[in-house]
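This chain uses plain numbering: 1 for the first residue, then up along the sequence.
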Amino acid sequence: SGELANPNFLIMVFYQGQMLFGFRSDFLRDEGDFLTFRAPPVFFLIQRRRDLRYRVLPAYDLMVTFDDPNPNPLPDKAPKRPKVQRRIYDVSAGGLSFEMWPHDSAGYFRTNLFMRNMIFSLWGRKVLVDAKIIGITKGQRHDRTPVRKVALKFLRIDPRDAAFISGYLF
């Protein structure tokens, strides 16, 4: 059993790379394989994002539609770039992420790519945004199937739509 110089600790609990909660507590004793802390008076959550994010449940097929970002030129007879749909993984008033399909090549979606005229619908309200890809990360579906997700930050969104999304999430 040893004494610690600083008896006050900040303890944060993570699961699958996401912080669940944290607390500050006093150290009581070292029991060899275990450390014992005083029961904390308060637990807290850390919100590192400006806007609350809603993870879309698997029962909902919330889709986002946008122009095909394929950098290859269109055939001469093609009237316009085709539309692409992907399942939304999570959404907030400041952005969203969607699932990549297995056949999407690594260069198909890339960081800093601008995505214009993206459309999705919440409770029957169509939301039109322009966004920028800020990252591509690994995630898990609710059934623990691995998935790659494309994270976007909204660059242009009507303030009324942003307020509607915030209201939808609360």
Heavy atoms only: give me the nearest [X]-[Y] pair and the separation to one decimal.
X: Met100; Y: Val150; answer: CG-CG2, 3.3 Å
X: Leu96; Y: Val64; answer: CD2-CG2, 4.5 Å
X: Ala162; Y: Ala93; answer: O-CB, 3.6 Å

Arg116: side chain to side chain donor-acceptor pair (under 3.5 Å) partners, not counting sequence neighbours: none
For a 4.5 angstrom cut-off between non-hydrogen side-chain atoms, does [X] reach [Y]?
X: Lys132; Y: Leu152; result: no
X: Ile157; Y: Ile165; result: yes
X: Leu122; Y: Leu62; result: yes
X: Ile119; Y: Val127; result: no
X: Asp61; Y: Arg87; result: yes
X: Asp90; Y: Lys149; result: yes
X: Val129; Y: Met115; result: no
X: Phe154; Y: Met118; result: no

So, taking the atom named [atom1] in [X] and the one named [atom2] in [Y], what distance separates them when rounded to the nearest 0.5 Å?
X: Phe120; Y: Lys126; atom1: CZ; atom2: NZ; answer: 12.5 Å
X: Ile133; Y: Lys153; atom1: CD1; atom2: NZ; answer: 14.5 Å
X: Ile134; Y: Thr111; atom1: CD1; atom2: OG1; answer: 9.0 Å

Worked check of salt bridge (Lys or Arg N to Asp or Glu O under 4.0 Å) between Lys83 and Asp67: CA-CA 5 Å; Lys83 295 287 185 186; Asp67 292 334; 2.7 Å; yes
ILVMFWY cluster, Trp123 and Ile88 together (side-chain gap under 4.5 Å): yes
Validation row, ring centre Phe109 to ring centre Phe98 under 6.0 Å: yes
Tyr89: ring pair (Phe, Tyr, Trp, His ring centres under 6.0 Å) partners, not counting sequence neighbours: none
